[in-house]
Amino acid sequence: MKKTKKLIKSAFGTLLCAVMVFSFAACGENTGLTTGEKQFKIGLSMNTLNNPYFVDAKNGVEKGASENNIKLSVVDAQNDPSKQITDVENLIAQKPDLIIIDPSDSDSIVSAIEACNDANIPVVTMDRKANGGKVVAHLGFNAIESGKIAGEYIAKMMNGKNANIVEIQGIMGTNVAQDRSKGFNEAISKYSNLRKIATQSADFDRAKAMSVMENILQANKNIDAVYASNDEMALGALEAIKAAKRENEIILIGCDAIDDALAAVRSGSLNATIAEPPFFLGKNALITAVKYLNGEIVEEEVILDSTLLTAENIDSVKTKE
């Protein structure tokens, strides 16, 4: 099947629409796709459902499935790459028409995708890319740009002042964590007044980030800003910062725009987050899958831009239906 590769750069106003930049889904409306007389069966392999971001992504897939008469089978790898391989093998045994995968690890998932290829089952990946195997489409966000936005935000907030910066990284076996870190470090490296004093992974996990931040706070008396590369980690870091009574001296930014983070930005306890709404990512991954199964042309890669959210613009953003 002929495919095209397309890099989509969304303007801020476009992102505010629930479909973001996809032309095939109207805000809050049925997509209008038809599967004809056949009911397609699609498998969904999630890397974890113990994280609000991925729960929202799953909910988006389920909403798309319910609107398009799709029989959906969902499995949860629980952040275990080995379990995800087994999960995909079990989905293959069900002989679905297509499998959507959100990889727990960009390298480990390759063998599972290759197993799908051998079984002639098409694969769509979302959020995190796979480092091998053949997929018909990948949908995700511009993680490098997201990291750059965070770095530029911190630079702006420091306003030329010498500042000590902390970076809390995600699961470094994923392209998302790698790219967000890359973008962040590229951005802050341009500013001689910004000095990174600590970098540590917390695996995109709130409890781990709280523990990591507690240790960093104890080791460093002067911290001016913290970038946590997802909101779960930002919220964990926030708890540690509050417990140390240092919330008035530290700028904190996360990423993803999950509900708890949006509430924290509105309350003023979190300075900013970066919008990458997972609900619409999931829904449009499902719609892309249906379009492919209907024989339509789909883009090989759909990459969305990320948008800084602060108290000034947060109430204008719709992150789910």
Side-chain angles (χ1 to χ4, degrees), residues 10 12 14-20 22 25 27-28 44 46-66 74 76 78-79 102 126-128 139-143 146 149-150 153 168 170-171 176-177 180 202-210 213 226-242 247 251-286 304-321:
S10 59
F12 178 69
T14 307
L15 179 62
L16 301 187
C17 177
V19 303
M20 297 177 290
F22 294 98
C27 297
L44 172 63
M46 296 300 302
N47 73 83
T48 183
L49 292 176
N50 192 31
N51 180 316
Y53 182 88
F54 297 110
V55 172
D56 283 349
K58 175 190 71 75
N59 290 343
V61 176
E62 290 177 335
K63 182 67 180 295
S66 69
V74 182
D76 172 16
Q78 300 172 12
N79 264 332
D102 188 347
M126 67 176 184
D127 187 44
R128 302 167 178 175
L139 292 85
F141 291 93
N142 190 333
S146 173
I149 290 171
Y153 173 76
I168 303 179
I171 299 172
V176 170
R180 286 180 182 176
D203 295 334
F204 292 132
D205 183 82
R206 188 183 301 203
K208 289 182 181 179
M210 181 176 178
M213 194 68 220
V226 175
Y227 167 53
S229 66
N230 81 337
D231 284 338
E232 280 288 279
M233 295 191 300
L235 293 166
L238 177 61
E239 291 305 309
I241 292 168
K242 284 182 175 180
E247 60 266 37
I251 297 295
L252 177 60
I253 179 172
C255 181
D256 288 340
I258 65 172
D259 290 347
D260 286 353
L262 296 177
V265 172
R266 289 189 182 97
S267 72
S269 55
L270 181 64
N271 297 92
T273 184
I274 298 166
E276 297 187 351
F279 179 91
F280 297 110
L281 175 65
K283 183 174 181 180
N284 287 299
L286 186 286
L304 306 178
D305 283 343
S306 306
T307 303
L308 178 70
L309 297 183
T310 65
E312 284 71 31
N313 67 342
I314 199 164
D315 287 327
S316 62
V317 175
K318 182 178 181 180
T319 59
K320 62 182 68 174
E321 293 176 356

Would a 4.5 Å heavy-atom cut-off, applied to side chains only, mark [X] and [Y] as touching?
X    : Y    : result
F141 : I274 : no
C255 : S229 : no
E239 : M213 : no

State the [atom1]-[atom2] distance between [X] and [Y], to the nearest 0.5 angstrom.
X    : Y    : atom1 : atom2 : answer
K58  : L44  : NZ    : CG    : 8.5 Å
L262 : L309 : CG    : CG    : 7.0 Å
I171 : F204 : CD1   : CZ    : 6.0 Å
S269 : L238 : OG    : CG    : 5.0 Å
D231 : D256 : CG    : CG    : 5.0 Å
D205 : M210 : CG    : CE    : 12.0 Å

Please find the pair of heavy atoms, one from [X] and one from [Y], that lie closest to each other, and give the distance.
X    : Y    : result
M126 : G282 : SD-CA, 3.9 Å
G254 : A234 : CA-CB, 3.7 Å
V317 : N313 : CG2-O, 3.9 Å
K318 : K320 : CE-O, 3.2 Å

Within the distance-only criterion (no hydrogens, no angle test), does the side chain of [X] pair as donor or acceptor with the backbone N or O of [Y] below 3.5 angstrom?
X    : Y    : result
N47  : D76  : no
N51  : Y53  : yes
N284 : F280 : yes
D127 : G140 : no
N230 : M233 : yes
T319 : P277 : no
N271 : L252 : yes

- Message: Once salt bridge (Lys or Arg N to Asp or Glu O under 4.0 Å) is applied, do any residues pair with D102, and if so which ones, sequence neighbours excluded?
- Response: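 In terms of salt bridge (Lys or Arg N to Asp or Glu O under 4.0 Å), with neighbours along the sequence ignored, D102 is linked to no residue.
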- Which residues pass the salt bridge (Lys or Arg N to Asp or Glu O under 4.0 Å) test with D260, sequence neighbours left out?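 With neighbours one apart ignored, the set is R206.
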- Could you list the residues that satisfy side-chain contact (heavy atoms from CB on, under 4.5 Å) with V265, not counting sequence neighbours?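 With sequence neighbours excluded, V265 shows a side-chain contact (heavy atoms from CB on, under 4.5 Å) to L270, T273, I314, given in chain and number order.
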- Step by step, work out the side-chain contact (heavy atoms from CB on, under 4.5 Å) result for Q78 and L49. CA-CA 7 Å; Q78 300 172 12; L49 292 176; over 6 Å; no
- Task: Flag the pair D56 and K63 as a salt bridge only when some basic side-chain nitrogen lies within less than 4.0 angstrom of an acidic carboxylate oxygen.
- Result: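 The answer is no: the pair does not qualify as a salt bridge.
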- Classify the side-chain pair E276/S306 by whether it contains a donor and acceptor separated by less than 3.5 Å.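 Their side chains do contain a donor-acceptor pair, which is all the 3.5 Å distance test asks for.
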- Before giving the answer on side-chain contact (heavy atoms from CB on, under 4.5 Å), spell out for V61 and V74 the whole-Å C-alpha distance, their side-chain angles and the decisive distance to 0.1 Å. CA-CA 10 Å; V61 176; V74 182; over 6 Å; no
